[in-house]
Peer 1: 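If you scroll down you'll find the structure; I have some questions about it.
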Amino acid sequence: MKKPELLVTPKTLEHIKALIEAGADAFVIGEQKFGLRLAGEFSVSQVEEATKIIHEAGKKVYVAVNALFHNDRLDALDDYLKEMQRIGVDALIFGDPAVVMSVRELGITIPLHWNPETTATNWFQANYWADRGAKRAVLARELSLDEVLEIKENAKPEIEVQVHGMTCMFQSKRSLLGNYFLYRNEVMEVENRKENKNMFLHDKERKNKYPIYEDLNGTHIFSPNDMCLIDELTEIFEGGIDSLKFDGVLQSEDYITTTTNCYRQAIDAYFDKGEDAYEEIKDELLAKIEEIQPANRPLDTGFIFKETVY
């Protein structure tokens, strides 16, 4: 079996260096004008500098262009893609077909990673986009383990799965929190509204707090819990999943670095020493993450062990 890639989301250029030391294999970067829910903002010049650092370390850099592109952004998208081609990044993460059209028209040769967020739910879709140039499919976070493994068995492209971090529940293109109030059909308290990246929707009925923020792409609302599969990776390893993503959006640099290293240890233990070595350390790694986990962000396993009802 081949080791899966450990994909992480850095916040700054200096953070990239720390994550390389921590054992990351690949990095998702970009800027909010073109990419959704990024851990950090990287201008074109910073993408270029980051690419040099990452490539010198023998790692890969993926640039997010997975926003929804209305006509007023298409010219800027074309210019941005030309810059990414010049820089020589390793992949473009996209969801909007406009990116595919631009790539074809401009003769861009950068590989594509298809990531439509919540709608990548079967291998038919993955193969459809593979036939149109996608090297990788990024699966929805709402899938069970059985569904993930079935997709991997039948999919042509590489398969990427999130194993740690927040899950986006809802996005509105409007820059207004009021949209979500209508969606919920009730009024909920909003904490820290003036602090754009430190706000929570407080649902007193369910006793949950949902991280929320607004940026150029609208309003983003996240799950009340963080996914953590550090002690549940055996079947994912056995299934041959190509890339394991730790999404560090809204987390601190220290948290991202420490957690990245924990997953590095888990991957190396299993693939270098065997399953027993991983079984011996997985509880210790989980405890290490639990020690630094923010008090208002409980850990769970997301949808990976939930039963699918059709």
Peer 1: Minimum heavy-atom separation for N115 and R141, please, with both atom names.
Peer 2: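 That closest heavy-atom pairing would be OD1-NH1, 3.9 Å.
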Peer 1: Just how far is it from atom NE2 of H164 to atom SG of C262, taken to the nearest 0.5 Å?
Peer 2: 9.0 Å
Peer 1: When you check the side-chain N and O atoms of E21 and N261, is any donor under 3.5 Å from an acceptor?
Peer 2: no
Peer 1: Any Lys/Arg nitrogen of R86 or E48 sitting under 4.0 Å from an Asp/Glu carboxylate oxygen of the other?
Peer 2: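 Salt bridge present between R86 and E48.
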Peer 1: Run the salt-bridge test on R264 and D268 with the 4.0 Å N-O cut-off and return the result as yes or no.
Peer 2: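 Yes, R264 and D268 are salt-bridged.
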Peer 1: Is there a donor in the side chain of S243 and an acceptor in the side chain of E158, or the other way round, less than 3.5 Å apart?
Peer 2: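 Not at all, the side chains of S243 and E158 share no donor-acceptor pair under 3.5 Å.
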Peer 1: Just by distance, with hydrogens left out, do Y270 and E279 show a side-chain donor and acceptor under 3.5 Å apart?
Peer 2: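 Distance-only check fails for Y270 and E279.
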Peer 1: Would you call E5-K59 a salt bridge at under 4.0 Å N-O?
Peer 2: no
Peer 1: Is the shortest side-chain N to carboxylate O distance from K156 to D131 below 4.0 Å?
Peer 2: yes
Peer 1: If you compare all heavy atoms of L81 against all heavy atoms of L92, which two are closest, and at what distance to 0.1 Å?
Peer 2: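 Of all heavy-atom pairs spanning L81 and L92, the closest is CD2-CD1, 3.7 Å.
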Peer 1: E253 and T12: side-chain donor and acceptor closer than 3.5 Å?
Peer 2: yes
Peer 1: With rounding to the nearest 0.5 Å, note down the distance linking CD in E49 to CD1 in I54.
Peer 2: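 Spacing of CD (E49) from CD1 (I54) equals 10.5 Å.
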Peer 1: Mind checking side chain to side chain donor-acceptor pair (under 3.5 Å) for Y128 and listing every partner two or more places apart, or none if nothing turns up?
Peer 2: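 Listed in chain order: R132.
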Peer 1: Would F42 and L13 count as a side chain to side chain contact (heavy atoms under 4.5 Å, CB included) if you check the C-alpha gap in whole Å, the side-chain angles of each, and the deciding distance to 0.1 Å?
Peer 2: CA-CA 8 Å; F42 290 77; L13 287 169; 4.2 Å; yes
Peer 1: For atom NZ of K3, decide whether the heavy atoms of other residues, nucleotides or ligands shown that lie under 6.0 angstrom number more than 12.
Peer 2: yes
Peer 1: Rounded to the nearest 0.5 Å, what's the gap from CZ on R73 to NZ on K33? Could you check?
Peer 2: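 Result: 8.0 Å between the selected atoms.
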Peer 1: Take E147 and T121, measure what side-chain hydrogen bond (donor to acceptor under 3.5 Å, both in side chains) needs, and give me the verdict at the end.
Peer 2: CA-CA 8 Å; E147 290 168 324; T121 57; over 6 Å; no
Peer 1: For F303, enumerate each residue passing the ring pair (Phe, Tyr, Trp, His ring centres under 6.0 Å) test, keeping only those at least two apart in sequence or located in another chain.
Peer 2: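 In terms of ring pair (Phe, Tyr, Trp, His ring centres under 6.0 Å), with neighbours along the sequence ignored, F303 is linked to no residue.
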Peer 1: Using a strict cut-off of less than 4.0 Å between a Lys/Arg side-chain nitrogen and an Asp/Glu carboxylate oxygen, indicate whether E160 and R136 qualify as a salt bridge.
Peer 2: yes
Peer 1: Quick one: do the N122 and Q125 side chains pair a donor with an acceptor below 3.5 Å?
Peer 2: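 Per modelled atom types, N122 and Q125 side chains form a pair under 3.5 Å.
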Peer 1: Yes or no on side chain to side chain contact (heavy atoms under 4.5 Å, CB included) for N217 and L68, after CA distance, side-chain angles and deciding distance?
Peer 2: CA-CA 8 Å; N217 295 296; L68 299 177; over 6 Å; no
Peer 1: Does the side chain of D90 pick up a donor-acceptor pair with the side chain of H55 at under 3.5 Å?
Peer 2: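 The criterion, which ignores hydrogens and geometry beyond distance, is satisfied for H55 and D90.
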Peer 1: Restricting to ring pair (Phe, Tyr, Trp, His ring centres under 6.0 Å), what partner residues turn up for F271, sequence neighbours left out?
Peer 2: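 So F271 forms a ring pair (Phe, Tyr, Trp, His ring centres under 6.0 Å) with F237.
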